[in-house]
Amino acid sequence: MQESPSTSSSEERFPQVWALADRISGWLSRDQAELLHEQARALPDGAHALEIGSHQGRSTVVLGSVLQAKGGRLYAVDPFIDGKLFGGSKTRDSFERNVAEAGVGDTVELVCDYSTKIRSSWTKPFQLLYIDGKHDYWTFSDDLKWRVHLPEGAAVLVHDCFSSIGVTLGVLRHVLFASDLRYERRAGSLALFRLGRPTRQDRLRILGEMPWWIRNVFVKVLLRLRLRPVARLLGHDSPYDPY
Ligand SMILES: C[S@@+](CC[C@H](N)C(=O)[O-])C[C@H]1O[C@@H](n2cnc3c(N)ncnc32)[C@H](O)[C@@H]1O
């Protein structure tokens, strides 16, 4: 299923895509956007992808730009939850404006609903899954089940992996001992898994991330306690949680 991307043109095009995405507020770092871009580039022409959690469209624009060039499609699933954290209808307005301004409106199809609500009735195939919705253990565990739609070798990318407690517990419970998903690598908290039988090394790589996860949880506690100078000693020089 994987095609080898032409690295030179990938390198040329990522900065343009990032320039579009980086105008949009959100939690995706440059390294993470590059990993999403790389994995979307490896998809065949006409491929479809599904994103859970789009917010204002930062990651949507990265995936949408690559899929547009391939004549593909991106399903962007987000219910635009009301409230201070995610902003409700105002966030939806920003999402629609940002997607249009980036010129990917013809490729991105907004599915304004909860991933957990629509999963069991979903029938459209897709070849890449990006999970960045609600980060509690139960929602994330359910979101992992979307992989039944993916072909062997497809990428499953998970944001806030080995930084969020809920997501990491979900990985330990549902991926560490799974027989169809293997862990490859991460860019910050964006982890790349792939549909396929894991080796012992793949499983050990997940366990190898535990010290980083514990460090991130510790940093979060320090930030809540307003102990930023102590967090700095752990290499975290930001007021925001590690991601
Ligand atoms: C961390 S933000 C996503 C950030 C986005 N990927 C970006 O690059 O900026 C999480 C989003 O998930 C959405 N969300 C929460 N629960 C969800 C669910 N069950 N299904 C889909 N989206 C959900 C929220 O409305 C919010 O917009």
Side-chain angles (χ1 to χ4, degrees), residues 25-29 31-33 35-36 50-56 58-59 77-88 91 114-117 119 129-147 155-195 198 202-243:
S25 66
W27 296 266
L28 192 75
S29 69
D31 283 2
Q32 295 169 349
L35 178 56
L36 279 186
L50 187 134
E51 169 182 80
I52 298 174
S54 303
H55 199 59
Q56 293 190 29
R58 192 169 164 99
S59 51
V77 182
D78 199 310
F80 295 106
I81 297 171
D82 276 324
K84 213 172 144 195
L85 183 60
F86 292 132
T91 301
Y114 291 86
S115 55
T116 43
K117 211 166 132 196
R119 183 181 57 75
L129 173 62
Y130 177 45
I131 303 178
D132 189 16
K134 202 168 175 203
H135 295 329
D136 66 88
Y137 169 81
W138 295 273
T139 307
F140 172 69
S141 300
D142 199 86
D143 286 347
L144 275 176
K145 294 181 184 168
W146 280 87
R147 72 182 188 273
V156 177
L157 293 128
V158 178
H159 201 252
D160 293 295
C161 197
F162 311 121
S163 74
S164 148
I165 293 177
V167 172
T168 310
L169 291 179
V171 167
L172 292 176
R173 171 72 182 81
H174 301 290
V175 182
L176 183 58
F177 301 107
S179 56
D180 67 334
L181 204 52
R182 54 192 173 80
Y183 174 51
E184 287 194 359
R185 61 194 156 98
R186 64 177 170 84
S189 76
L190 179 64
L192 170 63
F193 299 89
R194 198 172 294 289
L195 263 273
D202 296 327
R203 295 187 206 277
L204 286 175
R205 256 201 308 282
I206 293 179
L207 293 177
E209 300 293 5
M210 292 302 103
W212 193 66
W213 176 45
I214 291 162
R215 175 255 186 207
N216 287 337
V217 172
F218 191 49
V219 165
K220 286 183 185 188
V221 172
L222 292 172
L223 294 179
R224 303 291 176 286
L225 295 174
R226 297 173 192 272
L227 292 171
R228 216 177 131 190
V230 186
R232 223 174 271 135
L233 294 177
L234 292 174
H236 184 80
D237 193 8
S238 156
Y240 303 111
D241 284 347
Y243 61 86

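A distance of 9.5 Å separates CZ of Phe140 from CD1 of Ile52, quoted to the nearest 0.5 Å. Asp31 contributes atom CG, which lies 11.0 Å from atom OG of Ser189 (distance to the nearest 0.5 angstrom). Taking CG of Leu192 as the start and CG of Leu157 as the end, the distance is 5.0 Å to the nearest 0.5 Å. One distance of note links CG of Asp241 with CZ of Arg224; it measures 4.0 Å at 0.5 Å rounding. From Leu190, atom CG reaches atom OG of Ser29 across 7.5 Å, with rounding to the nearest 0.5 Å. Within the model, atoms OG1 of Thr91 and NE2 of His55 stand 5.0 Å from one another, a figure rounded to the nearest 0.5 Å.
Evaluated for a side chain to side chain donor-acceptor pair (under 3.5 Å) with Asp142, the options Lys117, His174, Arg119 yield exactly one hit, Arg119. Checking Leu50, Thr116, Ile131 one by one against Trp146, the side chain to side chain contact (heavy atoms under 4.5 Å, CB included) holds for a single residue, Leu50.
When all heavy atoms are compared, the tightest approach of Arg203 to Ala178 is NH1-O, 2.9 Å. Among all heavy-atom pairs drawn from Leu36 and Ser59, the shortest one is CD1-CB, 3.9 Å. What you find for Val167 and Ser164 is that their closest heavy atoms are N-OG, 3.2 Å.
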Could you give me the CA-CA distance, side-chain angles and deciding distance for Arg182 and Glu184, then say whether side chain to side chain contact (heavy atoms under 4.5 Å, CB included) is met?
CA-CA 6 Å; Arg182 54 192 173 80; Glu184 287 194 359; 3.4 Å; yes
Walk me through it: do Asp180 and Arg194 pass the test salt bridge (charged side-chain N to carboxylate O under 4.0 Å, His left out)?
CA-CA 8 Å; Asp180 67 334; Arg194 198 172 294 289; over 6 Å; no
Before giving the answer on side chain to side chain contact (heavy atoms under 4.5 Å, CB included), spell out for Leu144 and Leu129 the whole-Å C-alpha distance, their side-chain angles and the decisive distance to 0.1 Å.
CA-CA 9 Å; Leu144 275 176; Leu129 173 62; over 6 Å; no
With side chain to side chain contact (heavy atoms under 4.5 Å, CB included) as the criterion, how do Trp212 and Arg186 come out once you've worked through the C-alpha distance, each side chain's angles and the decisive distance to 0.1 Å?
CA-CA 12 Å; Trp212 193 66; Arg186 64 177 170 84; 3.5 Å; yes
As a quick check of understanding, evaluate side chain to side chain contact (heavy atoms under 4.5 Å, CB included) for Leu234 and Leu222, giving each step before the final call.
CA-CA 10 Å; Leu234 292 174; Leu222 292 172; 3.9 Å; yes
Begin with the C-alpha distance, continue with both residues' side-chain angles, and end with the deciding distance and a verdict on salt bridge (charged side-chain N to carboxylate O under 4.0 Å, His left out) for Lys134 and Asp143.
CA-CA 9 Å; Lys134 202 168 175 203; Asp143 286 347; over 6 Å; no
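You'll find the side chain of Tyr114 reaches within 4.5 Å of the side chain of Ile81, heavy atoms only. In this structure, Val77 and Glu51 have side chains that are not in contact, with every pair of non-hydrogen atoms separated by 4.5 Å or more. No side-chain heavy atom of Tyr137 sits under 4.5 Å from any side-chain heavy atom of Leu172. Contact of the Val221 side chain with the Leu227 side chain is not registered, since no non-hydrogen atoms from C-beta on lie closer than 4.5 Å.
The main-chain N or O of Ser238 is found under 3.5 Å from a side-chain atom of His236 such that the two form a donor-acceptor pair. Side chain of Lys220 to backbone of Ser163: a donor-acceptor contact under 3.5 angstrom is found. The closest donor-acceptor contact from the side chain of Asp136 to the backbone of Thr139 lies under 3.5 Å. Listed for the Asp132 side chain is no donor-acceptor partner under 3.5 Å among the backbone atoms of Gly53.
Around atom OH of Tyr243, more than 12 heavy atoms belonging to other residues, nucleotides or ligands sit under 6.0 Å away. The number of heavy-atom neighbours closer than 6.0 Å to CZ of Arg232, taken from other residues, nucleotides and ligands shown, is above 12.
The aromatic rings of Tyr130 and His159 sit perpendicular, their planes meeting at an angle over 60°, well past the 30° parallel limit.
Under the ring-ring contact (aromatic ring centres under 6.0 Å, His included) criterion, Tyr183 pairs with Phe162, Phe193, not counting sequence neighbours. Scanning for side-chain contact (heavy atoms from CB on, under 4.5 Å) contacts around Arg58 gives Trp18, Asp22, Ile24, Leu28, with sequence neighbours left out.
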